[in-house]
Amino acid sequence: MIDLKQLEQSFESTATALRRRGVDETKLADLKQLFEEKKALRQKLETAQAEQNAKSRLFGEYKREGKDLSALQAEVAANKKRIAELNEALKRVEERLLNEAAAVPNLPDPDVPDGEDENDNVELKRVLEPTTFDFQPKEHWELAESNGWIDFERGVKVAKSRFSSLRGMGARLERALINYMLDFNRKRGFEEVWVPAIVNDASLYGTGQLPKFADDLFKIEGEELYLIPTAEVPLTNLYRDEILSREQLPLKMTAHTPCFRKEAGSAGRDTRGIIRQHQFDKVELVCITRPEESDRVFEEMVACASDLLTSLGLPHRHVLLCAGDMGFSAAKTIDLEVWLPGQGCYREISSVSNTRDFQARRAKIRFKDENRKNRLVHTLNGSSLAVGRTLIAIMENYQQKDGAIAVPDALKPYL
RNA sequence: CGGGGGAUGGCUGAGUGGUCGAAAGCGGCGGUCUUGAAAACCGUUGUAGCGCAAGCUACCCAGGGUUCGAAUCCCUGUCCCCCGGCCA
């Protein structure tokens, strides 16, 4: 959630920042007006309530002294009606305000480039040279098929399209990768955490998936529960409605979970292979920090994911997302894209975002600062890495002329 | 899923209609004492909104209701605990 006070007091700069994300300015003007309307209504209501409280207190006194109550009763009854009306009006305005405010994306950081989509993203750097072959490299689904690592048809039979099953070395590598990644992150100071893969709507609201993106989620029938689209949701929400002490920060966590996404808007995209599945494994990084240190921690997270790829010998590049291509909650995002020789292009394998106080405001995660004031924390999340896509990257980068696949040295102890 | 009991401030726990934002204890913070510490003693200690301030308003799980007035009474929901059933 954006800071409505900031919107009210610095409308121009806020609107300018949000225009970069395609937010309509008239909508923001409406929002500002609603906010002011709410303030005015609340003031009226509170004045009326103060009056009611003062008069109600007189009842006890009057009774003790045996005074006549009828005049007082009439006044209080009229005021009561007014309070009810004001209350009603306030509630309506607040509901509208909340609905509209909850649908506004985060402000992009000043150093985030302008742009509409992935074509305007900025490549920051490349790590490792793209793998070269003296034969025509294959795409991962061919390799998966010939090596018997992925069973596409039976996965679909058991569930539906965009589901699959890993077999033999494919499944073992998936598990090895998970363990390797968790250990790698732990050595970088991230606490290993295990979390529920089902969360409630309050959690999804807290991290920004709800109310706007309900269509992307698998909902449990008859319950206000959902399968998680990313471990970011349970990890961040571990601290929802909490006030942390300064000493606890920064919190650095890592977790492996399955992730479930409907991929509602992706019909026809990446239908071959396991690039885009309804269920996939991911090892996630989530940090909760003081505002002053979130930039530093952001860099640590990017470095952690990038070094992980390097340690697996996977060529990749860092991409700074433009304002139009960022996710709803992010103020700044760096994607890591891994080189896929079979496809001959870079594909997203990790995404690290600083949401600043956007999620913290929604989820009410605060800390006591040095003056014992409660302030919003900054929350950050990043994949480290999408495990299925890492498996793909290994298949395509480590393929041999005969179609066999070598194992990266780093993973050998895990197999 | 069936039966019973609960939900109060950082924690424990009192409070069953009228200065209750809430006793008491513990904890935290500041101080006195001490070479230092402990103990003891004194003071202080929830969150949010509005306001220059004094102050006002809201919050005792959540949402409704009764009442001039609700932490306290009524209804609904959620969560937790105990007993039983089922179960990795």
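Quick caveat: nothing in here was measured; it's all calculated off a predicted structure. First the proteins, then the strands, lettered A, B, ... as listed; each starts at 1.
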### Message
Output the rounded distance in Å from CD (Gln49(A)) to P (C56(B)).
### Response
14 Å
### Query
Which part of the nucleic acid, if any, lies within reach of Asn374(A) when heavy atoms closer than 4.0 Å are counted: base, sugar-phosphate only, or nothing?
sugar-phosphate
### Query
Looking across every strand, which nucleic acid part, if any, lies under 4.0 Å from Lys364(A) by heavy atom: base, sugar-phosphate, or nothing?
nothing
### Message
In whole Å, measure the gap between the C1' atoms of U57(B) and G51(B) for me.
### Response
12 Å
### Task
Starting from P on G10(B), measure out to CZ on Arg366(A) and report it in whole angstrom.
10 Å
### Task
Just call it for Gln73(A): base, sugar-phosphate, or nothing, with non-hydrogen atoms closer than 4.0 Å on any strand.
nothing
### Task
To the nearest Å, give me how far apart OH (Tyr205(A)) and P (A62(B)) are.
18 Å
### Message
Over 60° means perpendicular and under 30° means parallel, so tell me whether Phe358(A) and Phe328(A) are parallel, tilted or perpendicular.
### Response
perpendicular
### Message
One thing to verify: whether Lys252(A) and Glu300(A) come together as a salt bridge, which I'm taking to mean a side-chain N less than 4.0 angstrom from a carboxylate O.
### Response
yes
### Arg356(A) with Asp109(A): basic N within carboxylate O range, under 4.0 Å
yes
### Query
CZ of Arg246(A) versus P of C29(B): gap in Å, rounded?
15 Å
### Message
For the C1' atoms, the ones on G9(B) and on A23(B), what distance do you get once it is rounded to whole angstrom?
### Response
13 Å
### Message
Whether Glu94(A) and Arg42(A) form a salt bridge (side-chain N of Lys/Arg under 4.0 Å from carboxylate O of Asp/Glu) is what I want to check.
### Response
yes
### Message
Looking at Lys219(A), I want to see if its NZ is surrounded by more than 12 non-hydrogen atoms of other residues, nucleotides or ligands under 6.0 Å.
### Response
yes
### Summary
Atom NZ of Lys38(A) and atom P of A58(B) are separated, to the nearest Å, by 16 Å
### Message
Just the rounded figure in Å: distance from C1' of G77(B) to CD of Glu223(A).
### Response
14 Å
### Query
More 5' along RNA chain B: Glu46(A) or Lys55(A), using each one's nearest nucleotide?
Glu46(A)
### Task
Enumerate, in order of first residue number, the stems that involve RNA chain B, defined as 3 or more consecutive Watson-Crick or G-U wobble pairs with both distances under 3.5 Å.
B:1-7 with B:78-84, B:10-12 with B:24-26, B:27-32 with B:40-45, B:46-50 with B:55-59, B:61-65 with B:73-77
### Task
Please measure how far the P atom in A22(B) lies from the corresponding atom in G55(B), and state the result in whole Å.
14 Å
### Message
Pick the closest RNA chain B nucleotide for Ala50(A) and for Lys39(A) by heavy atoms, then say which residue is nearer the 5' end.
### Response
Lys39(A)
### Message
Using atom C1' in both nucleotides, what's the gap between C79(B) and A62(B) to the nearest angstrom?
### Response
10 Å
### Message
Counting the atoms with a prime plus P, OP1 and OP2 as sugar-phosphate, which does Lys368(A) contact under 4.0 Å by heavy atoms, base, sugar-phosphate, or nothing?
### Response
sugar-phosphate
### Message
If the cut-off is 4.0 Å, is Asn79(A) near the phosphate of C68(B), judged by side-chain N/O to OP1 or OP2?
### Response
no
### Query
Under 4.0 Å between a Lys/Arg side-chain N and an Asp/Glu carboxylate O for Glu51(A) and Lys55(A)?
yes
### Query
When we call it a touch if two heavy atoms are under 4.0 Å apart, what does Glu75(A) touch: a base, just sugar-phosphate, or nothing?
nothing
### Interatomic distance where CZ belongs to Arg361(A) and P belongs to U47(B) [whole Å]
18 Å
### Message
For the aromatic rings, using the six-membered ring if either is Trp, is the centroid distance between Phe218(A) and His278(A) under 6.0 Å?
### Response
yes
### Query
Mind checking the C1' distance from C1(B) to A58(B)? Whole angstroms is fine.
40 Å
### Query
NZ of Lys80(A) versus P of U66(B): gap in Å, rounded?
7 Å
### Integer angstrom distance from the P of A70(B) to that of G63(B)
15 Å
#### Entry: Carboxylate-amine/guanidinium proximity below 4.0 Å for Asp270(A) and Arg347(A)
yes
### Task
Rounded to whole angstrom, note down the P distance from G65(B) over to C81(B).
32 Å
### Task
Tell me what Lys373(A) touches on the nucleic acid: a base, only sugar-phosphate, or nothing, going by heavy atoms under 4.0 Å.
nothing
